[in-house]
2 protein chains.
Amino acid sequence: MSAQLLGHLSRFVALKEEDQAGILAFFQRKHVKKKDNLLEEGRICKHHYFIEQGCLRLFFVNEKGVEQTTHFAIENWWLTDYLAFQSQQTTGFYIQAVENTQVLAIDWHAQERLLAQYPCLERYFRLVYQRAYGADQLRIKYLYAFSREELYSHFSTHFPEFIQRIPQYLLASFLGFTPEYLSEIRKKKRS
Amino acid sequence: MSAQLLGHLSRFVALKEEDQAGILAFFQRKHVKKKDNLLEEGRICKHHYFIEQGCLRLFFVNEKGVEQTTHFAIENWWLTDYLAFQSQQTTGFYIQAVENTQVLAIDWHAQERLLAQYPCLERYFRLVYQRAYGADQLRIKYLYAFSREELYSHFSTHFPEFIQRIPQYLLASFLGFTPEYLSEIRKKKRS
DNA sequence: CGGATCGTTGATCAACTTCAACGGTCGTGG
DNA sequence: CCACGACCGTTGAAGTTGATCAACGATCCG
């Protein structure tokens with residue numbers, strides 16, 4: 001039983017005891033192995049994922065064939081390609097497990113029915129999206145405000161536990177530069 | 001009477017005729033002159049703005065004193081610093097009118113009461129935020145995928161009407177480079 | 001008319017990429 | 001349990017992209 005999702009829901013809205021099982025029934029639990037994809041470019045983006053345990057990344061492949069990671073998500077975060085999910089169209093992104101990961105998946109129709117049946121969850125998602133959108137506003141500010149080197153410093157002081165968790169080449173990709181340059185930055189810091 | 005906001009609401013949720021005046025009563029209309037600020041760094045971010053007519057930009061001032069525009073918003077878009085708005089804390093952003101602009105403003109407490117009184121608006125804002133968040137995901141993808149020059153080409157082919165509407169130095173700031181470099185790109189395109 | 005604002009130009013400079021090569025480590029099969 | 005290969009991080013040289021600075025022109029508006 002996912003105390004995880006129910007716990008997260010109840011941080012934002014009041015849930016009746018009797019509704020809990022009904023809500024969970026809309027979700028499917030999936031176990032994804034490290035490096036396996038939940039979503040691939042060109043496919044319809046059918047699902048919205050809640051991470052119970054583990055870590056996912058959202059990335060795309062640029063015209064040179066290089067993977068560019070744009071988002072990470074860990075426990076208690078939701079992830080999908082929201083434009084493609086909302087319109088139920090094909091995506092330009094991949095979603096891949098960074099570690100062995102356990103998610104709750106809900107497809108678009110099920111989410112619509114879930115929200116129709118439990119209207120208080122409209123509020124839950126409004127708040128979750130509001131926070132996520134605000135976080136991306138700040139993220140964009142950082143992308144404009146900082147040089148690549150400053151981005152690394154900022155990230156490594158604010159999210160040190162994350163640095164431990166993900167390999168360097170993914171971090172470099174997320175920060176928007178090459179693994180080689182990350183190496184150079186780290187060398188400078190050391191000396 | 002704002003047919004504008006009611007029209008936008010009804011594109012996402014069904015509104016009862018009799019609720020319309022009640023909803024509008026929560027908002028204050030403001031006229032902002034070109035270059036006037038609706039929000040300034042260090043202030044509490046009290047309001048959420050819906051643009052009836054005109055154009056706003058969200059920007060911050062970097063450590064060199066240069067203004068960096070991160071978002072534009074035009075008719076039928078909402079704008080605020082969402083993290084600061086949600087937590088009712090101080091902001092690191094400015095909101096400024098690019099043109100003479102007419103907005104509907106609602107403060108945080110009023111928005112909470114509005115949503116409590118008209119729960120169907122939770123759904124409206126969920127959908128609006130979902131779309132805005134999805135748009136920012138795509139925006140971040142472009143920031144990673146394109147060189148500055150490609151960003152300009154992409155933007156000018158996809159939003160030509162916008163290029164007309166805003167001065168070049170704001171466009172350069174939004175695309176993340178200097179006005180001088182934009183000049184150079186435009187020269188190259190011409191020849 | 002006069003000043004401020006905005007766009008342009010060209011020279012120099014810093015940040016970051018690209019490419020090629022090497023070394024360590026980890027997991028897997030023999 | 002060792003050996004091999006794949007994967008990942010590092011290094012250094014050369015090349016690009018875009019920033020910076022200073023100066024000049026155009027335009028707009030009071």
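Protein chains get the first letters and strands the later ones, always in sequence-line order, with residue 1 at the start of each. Any value given below was found using the heavy atoms of this structure, including those in side chains, with hydrogens, waters and symmetry copies removed.
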Exercise for review: Identify which nucleotide among C:dT17, D:dG9, D:dC21 has an atom closest to any side-chain atom of B:Glu180, counting heavy atoms from C-beta outward.
Suggested key: D:dC21
Check your understanding: Quick one: which of D:dT20, C:dG7, D:dG18 gets closest to the side chain of B:Thr178?
Key -> D:dT20
Check your understanding: Base, sugar-phosphate, or nothing: which does B:Glu184 touch, judged by heavy atoms less than 4.0 Å apart?
Key -> nothing
Review point. From C:dT8, D:dG9, D:dA19, pick the nucleotide closest to the side chain of B:Phe177?
Key: D:dA19
**Study point:** Per B:Arg148 side chain, nearest of listed nucleotides D:dA19, D:dT11, C:dG7
**Key:** D:dA19
Check your understanding: With respect to the phosphate group of C:dT17, does any side-chain polar atom (N or O) of A:Lys64 fall under 4.0 Å of OP1 or OP2?
Key -> no
Exercise for review: Please tell me which of the listed nucleotides, D:dT10, C:dG10, C:dC16, lies nearest to the side chain of B:Lys187?
Suggested key: C:dG10
Check your understanding: Are B:Tyr49 and B:Ile166 joined in one hydrophobic group, where the rule is that I, L, V, M, F, W and Y side chains link up if heavy atoms are under 4.5 Å apart?
Key -> yes
Exercise for review: Could you tell me whether A:Ser147 contacts a base, only the sugar-phosphate backbone, or nothing, with contacts defined as non-hydrogen atoms closer than 4.0 Å?
Suggested key: sugar-phosphate
Review point. Do you know which of B:Phe125, B:Trp78, B:Trp77, B:Tyr124 makes ring pair (Phe, Tyr, Trp, His ring centres under 6.0 Å) with B:His8?
Key: B:Tyr124
Exercise for review: Using a heavy-atom cut-off of under 4.0 Å over every strand shown, decide if A:Tyr181 touches base, sugar-phosphate, or nothing.
Suggested key: base
Check your understanding: Any idea which heavy atoms bring A:Cys120 and A:Val13 closest together, and the distance?
Key -> O-CG1, 3.5 Å
